[in-house]
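Protein chains get the first letters and strands the later ones, always in sequence-line order, with residue 1 at the start of each. Here the structure is a predicted model, which is why all the values come from computation and not from measurement.
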Amino acid sequence: MADTPVAARRRYYLTTAIAYANSAPGLHTLYEVIGADAIARWHRMRGDETRFLTGTDEHSVNIAMKAAERGMTPRAFVDEQVALFQRAEDLLGISPDRFIRTTDPDHVRSAQEMVRRAHANGDIYQGHYEGYYCPNEGFKAPSDLVEDAAGVRCPNHPDVPLQWLTEENWFFRLSAYQERLLRHYEEHPDWVQPEYRRNEMLGFIRGGLEDFSISRAGATWGIPFPIRADGSSAQLPDGSWDPAAGTIYVWYDALINYITGVGFPDDPAMFATWWPADLHVIGKDIARFHTIFWPAMLWSAGLEAPRRVWIHGWLHLQGERMSKSRGNFLDPVAMVDALGSDGARYVTLREVAFDRDADVSWDTFLRRYNADLANDFGNLVNRTVAMVNRYLGGQRPDPSPAGPTGGAMGPDTDDDAATLERTPGSALLSTAWAFTVLDYATKMEGCLLHEAIASLFGFVGEANRYVDAEQPWVLAREAQAGAAEAATRLRGVLGDLVEACRLVGLAAAPFMPQSAPRVLAQLGIDYPYGADGNGGPPLEELLAWGAGPRGGRVAEASPLFPRLELDAETAAVAR
RNA sequence: GGCGGGGUAGCUCAGUGGUAGAGCAGGGGACUCAUAAGCCCUUGGUCGCCGGUUCGAAUCCGGCCCCCGCUACCA
């Protein structure tokens with residue numbers, strides 16, 4: 001199959017938030033990356049020219065302090081932390097097209113250029129800031145502090161001494177963008193999702209916007225602020241930066257990664273290709289910065305706002321928000337050890353609703369793994385391949401023709417229940433698939449990953465029921481005794497089951513990229529996509545009933561997802 | 001406090017006027033291709049509380065209780 005010219009392909013650029021590089025990541029941090037990776041793979045397999053960006057946020061007073069505690073330079077410290085992230089991402093099969101670090105040289109140039117543009121546009125000004133500063137949380141309002149015998153302290157970090165800072169800092173004129181933001185929300189009603197998050201952000205904007213500070217005079221571990229108080233360039237003759245100009249603070253550093261990652265400002269052609277981003281996947285804690293600050297910052301620089309921001313919730317463990325500092329978190333590396341890379345990805349995205357907070361536990365993860373992957377899908381593949389070997393000598397049978405509504409692009413009616421009831425046994429699976437694949441695609445496009453999986457596995461259940469309804473072992477006995485009709489029907493039933501396995505294996509590939517080729521290999525079918533989901537024909541073509549190759553042989557059956565013993569595994573990993 | 005969303009089976013949730021549902025977990029059964037998996041049947045709920053509208057309310061209205069989200073500058 002010839003490659004579709006890039007120009008004719010849709011391009012899709014998506015990002016995750018960059019992670020704060022101060023410790024090994026927990027599942028609650030990687031969860032977002034796993035979800036975004038599934039979306040990225042979905043687009044690659046569909047044939048979209050896809051770019052997926054993840055990375056780490058490495059500047060801050062807090063990082064510098066942590067490094068100092070360890071007797072390390074900040075750079076050495078973050079290098080060490082970032083390696084932990086990359087190791088965890090590798091184990092989970094995350095496939096970024098670039099892993100960006102805010103310490104990358106091009107990102108430094110990018111952030112500085114954004115500051116220059118805001119300055120040139122008259123959107124930043126020098127202001128005075130004075131107040132308590134918590135190294136872990138930033139500036140704190142007096143109402144947010146507690147005072148006791150030991151003095152004034154941050155309620156969330158009582159052991160960390162507060163600093164009193166008096167600084168001349170640069171401020172961004174966010175207040176000037178209120179009207180434009182409201183208009184943007186009105187003209188692009190789907191740009192912030194889920195909808196209830198959009199409404200929250202809208203309410204915030206309507207409440208009035210204040211300017212925010214974008215520089216720190218005292219902090220040294222950060223991107224040099226490129227402009228002096230008098231407006232002149234802070235760059236010195238030797239190319240270094242005047243320390244007196246301070247450093248860029250948080251959002252004019254971290255958020256900028258999204259445009260650095262597609263060539264800003266060094267590669268205008270690349271930037272023109274990829275910007276604006278199609279999707280930012282972020283957590284609810286930073287929603288405001290992405291859906292209010294960020295578009296205003298971009299507009300100030302003469303750039304477009306991203307097309308969509310998806311806001312997911314938090315993971316809860318034992319009733320509390322999962323977090324490293326609380327000590328209640330799951331270790332993704334341990335999950336991969338126990339469930340495999342795909343198993344860990346699957347249970348995470350199946351058990352956690354992508355549009356809200358979710359309670360998880362190691363126990364429910366294990367149950368889900370056994371129920372869905374070992375018992376339902378893994379066993380379906382296993383019993384199908386075993387029967388083809390046993391009854392048909394390993395010759396892979398073809399699927400029956402698609403049923404009444406089983407066209408490639410899904411059903412042409414929405415009266416699904418009635419259609420299914422009227423469908424004769426031979427067309428049941430193809431018809432059920434037509435509805436499934438349509439629903440699956442809709443859920444994927446809507447970022448409802450957990451519902452997309454549920455849709456797919458509803459079809460797996462359909463296939464398992466089909467086995468018991470048709471009883472291929474009975475047909476095989478009859479065929480053995482010379483019944484030609486039984487032999488024909490046996491081939492048809494097993495052909496449909498092979499097809500069901502092929503379709504589910506392919507459709508589930510964004511979630512289980514390592515297992516998909518193994519599924520098809522057992523069916524004796526080549527897997528046409530690369531390790532990151534690129535290459536191969538558009539997924540929709542392969543997801544049509546009957547689109548697989550004809551003839552050929554299946555391989556030996558071998559369990560794809562070994563069943564786990566609940567008690568033993570729970571004892572090993574639960575905390 | 002303000003605005004918004006919820007309280008339905010042991011767990012996670014669907015269900016917005018017409019005899020209470022799904023998945024998982026629990027119990028039983030028939031089968032045997034299969035990872036003792038799958039399939040069938042089944043236990044289980046005064047649908048947060050009180051009142052109202054209606055022939056009829058989980059579903060509409062009023063009141064109350066409880067939970068959660070947002071309510072500014074964390075990296």
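Here B:C73 sits opposite no nucleotide as a Watson-Crick or G-U wobble pair (both hydrogen-bonding atom distances under 3.5 Å). Remark: B:A22 base-pairs with B:U12; criterion is Watson-Crick or G-U wobble with both hydrogen-bond distances under 3.5 Å. Shown here, B:G44 forms no base pair; nothing in the strands shown gives a Watson-Crick or G-U wobble contact with both key distances under 3.5 Å. Nucleotide B:A34 is matched to nothing when pairs are restricted to Watson-Crick or G-U wobble geometry with both distances under 3.5 angstrom. Pairing for B:C60 is with B:G52, a Watson-Crick or G-U wobble pair whose two hydrogen-bonding atom distances lie under 3.5 Å. B:C39: Watson-Crick or G-U partner is B:G29, with both key distances under 3.5 Å.
In terms of heavy atoms, A:Ala64 sits closest to A:Trp221 at CB-CB, 3.9 Å.
The side-chain hydrogen bond (donor to acceptor under 3.5 Å, both in side chains) test applied to A:Arg477 returns no partner, not counting sequence neighbours. For A:Glu32, there are no salt bridge (Lys or Arg N to Asp or Glu O under 4.0 Å) partners two or more places apart in sequence or in a different chain. For the salt bridge (Lys or Arg N to Asp or Glu O under 4.0 Å) test, no residue two or more places apart in sequence or in another chain qualifies with A:Glu168. Applying the salt bridge (Lys or Arg N to Asp or Glu O under 4.0 Å) test to A:Glu195 and every residue at least two apart in sequence or in another chain returns nothing. Taking the ring pair (Phe, Tyr, Trp, His ring centres under 6.0 Å) definition, one finds that A:Phe77 meets it with nothing, sequence neighbours left out. For A:Asp439, the side-chain hydrogen bond (donor to acceptor under 3.5 Å, both in side chains) criterion is met by A:Lys443, A:Ser455, not counting sequence neighbours. By the side-chain hydrogen bond (donor to acceptor under 3.5 Å, both in side chains) test, A:Thr442 is found to be paired with no residue, residues two or more places apart in sequence or in another chain being considered. Listed by chain and number, the residues in a salt bridge (Lys or Arg N to Asp or Glu O under 4.0 Å) with A:Arg101 are A:Glu58, A:Asp79 (sequence neighbours excluded).
Applying a 4.0 Å cut-off to non-hydrogen atoms, the residues of residues 386-396 of chain A that approach RNA chain B are A:Ala386, A:Met387, A:Arg390, A:Tyr391, listed by residue number.
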Under 4.0 Å protein heavy-atom contacts per nucleotide of nucleotides 3-9 of chain B, with B for base, S for backbone only and - for none: -------

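Remark: A:Arg206 is not in phosphate contact with B:C70, judged by side-chain N or O atoms under 4.0 Å from OP1 or OP2.
A:Ile286 comes within 4.0 angstrom of a base, heavy atoms only. At a threshold of 4.0 angstrom between heavy atoms, the contacts of A:Leu380 with the nucleic acid are absent. At the heavy-atom level, A:Gly222 lies nowhere under 4.0 Å from the strands shown. Nucleic acid contact for A:Ile214: none, since no nucleic acid atom lies under 4.0 Å from a heavy atom of the residue. Among the heavy atoms of the strands, none lies under 4.0 Å from A:Gly203. At a threshold of 4.0 angstrom between heavy atoms, the contacts of A:Arg321 with the nucleic acid are absent.
Rounded to an integer number of Å, the gap from A:Ile292 CD1 to B:C74 P is 13 Å. Atom-to-atom, CH2 of A:Trp251 to P of B:C73 comes out at 11 Å; the value is rounded to the nearest Å.
B:A9 and B:A20: their P atoms are spaced 15 Å apart (whole Å). With both ends at atom C1', the span from B:U32 to B:A37 equals 11 Å, rounded to whole Å. Separating the C1' atom of B:G38 from that of B:C70 is a span of 47 Å, rounded to the nearest Å. Between B:C40 and B:G7, the two C1' atoms lie 34 Å apart (nearest whole Å). Separation of the C1' atoms belonging to B:A25 and B:C66 is 27 Å when rounded to the nearest angstrom.
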Could you go over nucleotides 36-41 of chain B and give all protein N or O partners under 3.5 Å, atom names and distances?
from, atom 1, to, atom 2, distance (Å)
B:A37, OP1, A:Arg563, NE, 3.4
B:A37, O3', A:Asn375, ND2, 3.4
B:A37, O2', A:Asn375, O, 2.8
B:A37, O2', A:Asn379, ND2, 3.2
B:G38, O2', A:Arg383, NH1, 2.8
B:G38, O2', A:Asp468, OD1, 3.2
B:G38, N2, A:Asp468, OD2, 2.8
B:C39, O4', A:Asp468, OD1, 3.1
B:C39, O4', A:Asp468, OD2, 3.4

Name the pairs: protein N/O against N/O of nucleotides 12-14 of chain B, kept only if under 3.5 Å.
none

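With the nearest nucleotide of RNA chain B identified for both A:Glu210 and A:Val250, A:Glu210 has the one nearer the 5' end. Residues A:Arg197 and A:Pro562 both approach RNA chain B. Their nearest nucleotides, taken by heavy-atom distance, put A:Pro562 toward the 5′ side.
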Before you tell me yes or no, could you show the steps for A:Asn169 and A:Ser213 under side-chain hydrogen bond (donor to acceptor under 3.5 Å, both in side chains), namely the whole-Å CA-CA distance, both residues' side-chain angles and the distance that decides it to 0.1 Å? CA-CA 6 Å; A:Asn169 286 325; A:Ser213 58; 5.1 Å; no

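With ring centers used as reference points, A:Phe459 lies under 6.0 Å from A:Trp433. For A:Phe511 and A:Tyr346, the distance between ring centers is not under 6.0 angstrom. Residues A:Phe225 and A:Trp170 bring their aromatic ring centres within 6.0 Å.
A:Asn257 pairs with exactly one of A:Asp104, A:Thr56, A:Ile18 by the side chain to side chain contact (heavy atoms under 4.5 Å, CB included) rule, that one being A:Ile18.
The aromatic rings of A:Tyr185 and A:Trp191 lie perpendicular to each other, with more than 60° between the two planes, well past the 30° mark.
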